[in-house]
Amino acid sequence: MRFATWNVNSLRARRDLVALWLNEHQPDVLCLQETKVKDADFPEELFEENGYHVAHWGVSSWNGVAIAARQPLDNLILGVVDDSEEARCIAADIDGIRVFSVYVPNGRALGDPHYSYKLEWLEALRARLSDEIQRRPLLVAGDFNIAPTDDDVYDRAALEGATHVSEPERLALQRLLDLGLVDCGASAEDTDSNFTWWDYRQGAFRRGMGMRIDLVLASRSLSGEMCSFQVDRLTRAAPKPSDHAPVIVEF
DNA sequence: ATGCCTGTACATTACAGA
């Protein structure tokens with residue numbers, strides 16, 4: 001199975017690139033984040049014309065998550081807290097696997113209310129996953145907005161006091177892994193090659209100033225069947241790119 | 001210290017993103 005996740009930073013702005021990418025890479029499952037469309041405006045035909053089932057959750061022009069898959073999506077869940085939350089999580093059963101597409105809150109700054117919200121959201125996700133993982137194999141993929149270790153950022157010193165690298169965020173991620181999930185991108189020999197996000201500014205991509213924040217977490221049984229892991233940096237180098245690269249994992 | 005760039009809507013400026 002070819003599994004992928006991609007924060008597209010607006011599906012409306014990225015529509016043509018997503019269509020090209022689907023045809024070139026032919027994933028069996030694709031998790032999307034930051035679609036930035038309401039459900040009523042979601043371009044289902046973009047996926048259906050290319051042979052995919054698709055489920056989306058978007059309540060405004062911000063956030064928004066989706067899962068597209070060759071096989072049907074069953075037992076959909078929207079969100080991890082309650083109906084009033086932002087559209088940051090969608091889950092579905094696909095061919096016997098429970099798939100989560102997640103867009104973890106950014107946090108903005110240490111001490112910002114949004115930072116507390118990020119930690120609370122991660123704890124709510126953990127509570128949900130602790131229940132789910134006992135039932136079936138899990139794949140939890142998306143933009144976690146956390147760099148798991150100092151090796152996952154271009155310059156740790158430059159990020160002192162910033163979000164994405166703080167201990168509380170990393171502990172919240174570790175609590176997810178402690179449920180029995182494996183970070184599929186953690187074991188690369190050249191960690192720079194696993195960066196998944198580069199700022200649009202300052203030529204950050206060209207200069208290698210990135211972070212690994214888009215993750216694929218797999219149940220142990222599934223992680224043992226992983227046969228390849230790849231960050232598609234070519235797509236970050238395309239014209240009009242998202243600031244995130246797709247991540248592709250084969251099982 | 002700030003903006004750099006990109007996309008969004010209460011749009012020609014402010015904001016969020018990471």
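Order of the sequence lines sets the chain letters (A, B, ...), proteins ahead of strands, with each chain counted from 1. This structure is a prediction, so every number in the text was calculated from the model and none was measured.
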| said: Treating A:R170 as the side-chain partner and A:I146 as the backbone partner, does any N or O pair qualify as donor plus acceptor under 3.5 Å? | reply: no

| message | Using a heavy-atom cut-off of 4.0 Å across all strands, would you classify A:N7 as base, sugar-phosphate, or nothing? | response | sugar-phosphate

| Rounding to the closest angstrom, what is the interatomic distance between B:dA16 and B:dC4 at atom C1'? | 15 Å

| task | Measure from CE on A:M209 to P on B:dC5 and round the result to the nearest Å. | result | 13 Å

| message | Rounding to an integer number of Å, can you tell me how far A:L17 CG sits from B:dT6 P? | response | 14 Å

| request: Assess the side chains of A:Y200 and A:N9: does a donor N or O sit below 3.5 Å from an acceptor N or O? | output: yes

| Once you round it to whole Å, what is the distance between P of B:dC15 and CD of A:E86? | 17 Å

| task | Tell me whether the OP1 or OP2 atom of B:dA18 has a side-chain N or O from A:N106 closer than 4.0 Å. | result | yes

| query | Of all residues at least two apart in sequence or in a different chain, which pass the salt bridge (Lys or Arg N to Asp or Glu O under 4.0 Å) check with A:R201? | reply | A:D199

| request: Provide the full list of ring pair (Phe, Tyr, Trp, His ring centres under 6.0 Å) pairs with a residue in residues 212-241 of chain A, sequence neighbours left out, each pair given once. | output: none

| said: Return whichever of A:N9 or A:I213 has its heavy-atom-nearest nucleotide of DNA chain B closer to the 5' end. | reply: A:N9

| Euclidean distance, atom CZ of residue A:R236 to atom P of B:dA18 [Å, nearest integer] | 12 Å

Can you give me the N/O atom pairs linking the protein to nucleotides 1-4 of chain B at distances under 3.5 Å, or say none if there are none?
unit_1	atom_1	unit_2	atom_2	d
B:dC4	O2	A:Q202	NE2	3.3

| task | Pull out every residue in residues 239-249 of chain A that has a heavy atom closer than 4.0 Å to any atom of DNA chain B, ordered by number, or say none. | result | A:K240, A:H244

| message | Once ring pair (Phe, Tyr, Trp, His ring centres under 6.0 Å) is applied, do any residues pair with A:F47, and if so which ones, sequence neighbours excluded? | response | A:F42

| query | Which part of the nucleic acid does A:Y103 contact within heavy-atom distance under 4.0 Å: base, sugar-phosphate only, or nothing? | reply | sugar-phosphate

| Tell me: NZ of A:K38 to P of B:dT8, nearest whole Å? | 13 Å

| task | Using only heavy-atom distances, determine whether the side chains of A:Q33 and A:S101 contain a donor-acceptor pair under 3.5 Å. | result | yes

| query | In whole Å, what separates the C1' atom of B:dT6 from that of B:dA11? | reply | 15 Å

| note | salt bridge (Lys or Arg N to Asp or Glu O under 4.0 Å) filter on A:E160, not counting sequence neighbours, yields A:R156

| query | What's the closest nucleotide to the A:S10 side chain, out of B:dG7, B:dT6, B:dA18? | reply | B:dG7

| query | Can you find an N or O donor on one side and an acceptor on the other, under 3.5 Å apart, linking the side chain of A:D199 with the base of B:dA18? | reply | no

| task | With sequence neighbours left out, write down each residue that passes salt bridge (Lys or Arg N to Asp or Glu O under 4.0 Å) with A:R88, or none if nothing qualifies. | result | A:E86

| task | Taking atom P in both B:dC10 and B:dC15, compute the distance separating them and give it to the nearest angstrom. | result | 14 Å

| query | Under the salt bridge (charged side-chain N to carboxylate O under 4.0 Å, His left out) rule, what pairs show up with a residue in residues 38-48 of chain A, not counting sequence neighbours? | reply | A:R15-A:E45

Check: residues 171-184 of chain A side-chain donor-acceptor pairs under 3.5 Å, at least two apart:
unit_1	atom_1	unit_2	atom_2	d
A:Q174	NE2	A:D178	OD1	2.8
A:R175	NH2	A:E123	OE1	3.2
A:D183	OD1	A:G185	N	3.3
A:D183	OD1	A:R212	NH1	3.0
A:D183	OD2	A:R212	NH1	3.2
A:D183	OD2	A:R212	NH2	2.9

| request: Could you measure between the two C1' atoms, the one in B:dG7 and the one in B:dT12, and give it in whole Å? | output: 15 Å

Protein N or O to nucleotides 9-14 of chain B N or O, pairs below 3.5 Å:
unit_1	atom_1	unit_2	atom_2	d
B:dA9	OP1	A:S61	OG	2.1

| field | Residue pairs passing the salt bridge (charged side-chain N to carboxylate O under 4.0 Å, His left out) test where at least one lies in residues 67-80 of chain A, sequence neighbours excluded | value | none

| said: Just to verify, what does A:R236 make a salt bridge (Lys or Arg N to Asp or Glu O under 4.0 Å) with, not counting sequence neighbours? | reply: none

| Looking only at side-chain N and O atoms, does A:N145 come under 4.0 Å of OP1 or OP2 in B:dA18? | yes

| field | Value in whole Å for how far the P atom of B:dA18 lies from CZ of A:F144 | value | 14 Å

| Between A:E34 and A:N7: side-chain donor-acceptor atoms closer than 3.5 Å | yes

| field | For atom CG of A:D143 and atom P of B:dA16, their distance in whole Å | value | 17 Å

| query | Rounding to a whole Å, what distance do you find between A:E34:CD and B:dG7:P? | reply | 12 Å

